[in-house]
Amino acid sequence: MMKKLEISLSCGNYDRTQAIFDGRAPIEGCEVNAVSLEPEEAFHRAFRYGEFDVTEISMSSHMMTTARGDSQYVAIPAFLSRVFRQSGIYVRTDRGINTPQDLRGKTIGVPEYQITANVWIRGILNDEYGVKPSDIKWVRGGIEEPGRGERAPIDLDPAISLVQIPDDKTLSDMLEAGEIDGYIGARAPSCFLRGAPNVGRLFDNYIEAEKDYFRRTRIFPIMHMVGIRRTLVEQHPWLAVSVYKAFLKAKALAVKELDELCHLAVTLPWMVHHHNEAKALMGSDYWPYGLDANRHVIETFSRYHFEQGLSKRKVAPEELFAASALDLSKI
């Protein structure tokens, strides 16, 4: 009997990955040591130190390293995180910032310039409102902890103004104190969450803005995917499909539970209603895996990534993934 391949795995313990952790969606041929981590920690450990065999990875960092030809990982098209990002723009409400165009000339904080959420936000600002990245003064640092920098090296156009904040400061504190005019990112700053004066979202009614964006573009922004250590896939060509099938099964189990009205799988009273509402707007498979259903999303992101100087060439979607995971067998 062939010995199973021992692999380490790290990703968030979401509803769509829970079956990976509890064993309902095993990875064929593998003995898995799974660790649940926050995305920022998983990315830091993956792109700095290559610690895990299978890991949740940032689409932006993966695209950047793929464009350079030094990516340690090859991905499968299982998109563990997707978030509309009009909600991720926070501003001082006492600076006359009422529209996206008012961001021109302002100083805006970012935890990292390269993070996927910020690539989407800058791309949307450019495409939808004519606000270019070079129109804004960017400052970088930790949201809540001092000293954060880029997880992978970046080389930006000189037209982009990006300055590291002092090591004893955080973006949340600077936003609350009025030292910066705004902040964009995947996480809400704590000053906003605790209701600090003069700190708010640029889009107050962000849900309607995000629904309108989807109706017009059919884009549900992808944030994270799953990466497998490239050398492992080269040694074990079967591994990519085995991992992908497990994540497909885990998502299918999670979606099935969302339709269960008898006992609610999520701690929300109208969970089934929200699920049906999302299907009515976005289609029955509103969180699709696979390349074909997401090609237009990835191509848009690739254009943003190139235009923002994070990749020196446009990356074709196929370059990001193991070829075998794009061509599953059919019965």
Side-chain angles (χ1 to χ4, degrees), residues 39-40 43 58-61 63-64 81-145 148-151 154 156-157 159-165 169-193 196 198-207 209-210 213 219 221-224 300-301 304-305 307-310:
E40 291 95 335
F43 302 162
S58 152
M59 182 160 73
S60 175
S61 297
M63 186 167 285
M64 185 169 64
S81 178
R82 309 179 77 127
V83 186
F84 291 105
R85 286 305 182 193
Q86 283 80 353
S87 59
I89 308 173
Y90 302 86
V91 297
R92 292 284 305 186
T93 58
D94 57 355
R95 302 290 165 84
I97 306 174
N98 301 307
T99 69
Q101 289 82 356
D102 295 329
L103 293 171
R104 292 191 180 103
K106 298 297 191 292
T107 300
I108 305 297
V110 292
E112 294 180 47
Y113 195 83
Q114 73 184 271
I115 67 172
T116 307
N118 289 345
V119 176
W120 278 114
I121 290 171
R122 289 189 299 265
I124 290 168
L125 288 173
N126 190 24
D127 273 9
E128 303 270 309
Y129 306 102
V131 180
K132 299 180 292 186
S134 58
D135 291 335
I136 292 171
K137 301 170 187 173
W138 304 100
V139 295
R140 178 185 58 212
I143 312 166
E144 311 296 340
E145 296 180 86
R148 181 172 175 178
E150 304 287 340
R151 67 178 66 106
I154 61 174
L156 299 178
D157 188 290
I160 302 299
S161 172
L162 176 64
V163 177
Q164 186 77 17
I165 65 174
K169 295 200 171 190
T170 69
L171 294 175
S172 181
D173 288 345
M174 292 178 73
L175 183 60
E176 184 171 9
E179 297 176 56
I180 57 176
D181 302 306
Y183 155 86
I184 67 170
R187 290 185 182 271
S190 60
C191 64
F192 170 81
L193 294 175
N198 300 314
V199 175
R201 279 192 169 100
L202 176 61
F203 293 97
D204 285 331
N205 195 355
Y206 65 87
I207 293 178
E210 291 170 351
Y213 172 77
I219 290 175
I222 293 168
M223 299 294 139
H224 311 159
T300 299
F301 186 83
Y304 289 169
H305 211 257
E307 290 173 349
Q308 294 173 29
L310 289 165

Would you mind checking if R187 and E40 are paired as a salt bridge, meaning a charged N to carboxylate O distance below 4.0 Å? yes
If we ignore hydrogens and angles and just use 3.5 Å, is the side chain of Q308 paired with the main-chain N or O of V119 as donor and acceptor? yes
If you define the side chain from C-beta out and look only at heavy atoms, does anything of L162 sit under 4.5 Å from V139? no
For a 4.5 angstrom cut-off between non-hydrogen side-chain atoms, does M174 reach Y183? no
Sequence-distant partners of E128, side-chain contact (heavy atoms from CB on, under 4.5 Å), two or more places apart: I124, Y213, R216, T217
Any donor-acceptor N/O pair, W120 side chain to F84 backbone, under 3.5 Å: no
If only atom types and distance count, is the side chain of E145 paired as donor or acceptor with the main-chain N or O of T170 below 3.5 Å? no
Enclosure of K106 NZ (heavy-atom neighbours >12, cutoff 6.0 Å): yes
R95 and its side-chain hydrogen bond (donor to acceptor under 3.5 Å, both in side chains) partner, picked from D102, D181, T107: D181
Roughly how far apart are Q164 CD and R140 CZ, rounded to 0.5 Å? 4.5 Å
Taking C-beta and beyond as the side chain, do F301 and S60 meet within less than 4.5 Å on heavy atoms? yes
Look up atom CD in Q114 and atom CE in M63, then write down how far apart they are to the nearest 0.5 Å. 13.0 Å
Backbone N or O of I180 within a donor-acceptor pair of the R92 side chain at under 3.5 Å? no
Pairwise side-chain contact, L125 with D135, heavy-atom cut-off 4.5 Å (strictly under): no
Parallel, tilted or perpendicular: ring planes of F203 versus Y129, cut at 30 and 60 degrees: tilted
Just by distance, do the side chain of E210 and the backbone of S87 share a donor-acceptor pair under 3.5 Å? yes
Interatomic distance, Q86 atom CD to I207 atom CD1 [nearest 0.5 angstrom]: 11.5 Å
Please identify each residue that fulfils ring pair (Phe, Tyr, Trp, His ring centres under 6.0 Å) with F43, with sequence neighbours left out. H224
What's the spacing between H305 NE2 and M64 CE if we round to 0.5 Å? 6.0 Å
Who are the side-chain contact (heavy atoms from CB on, under 4.5 Å) partners of A196, not counting sequence neighbours? E176, C191, V199
Check this for me, if you would: do E307 and R122 make a salt bridge, where the nitrogen-to-carboxylate-oxygen distance has to be below 4.0 angstrom? no
Under the side-chain hydrogen bond (donor to acceptor under 3.5 Å, both in side chains) criterion, do E144 and S190 qualify, and how do the steps go? CA-CA 7 Å; E144 311 296 340; S190 60; 2.7 Å; yes
side-chain hydrogen bond (donor to acceptor under 3.5 Å, both in side chains) between Y304 and N126: does it pass, once the steps are laid out? CA-CA 9 Å; Y304 289 169; N126 190 24; over 6 Å; no
Working to the nearest 0.5 angstrom, can you tell me the gap between I97 CD1 and I108 CD1? 5.5 Å
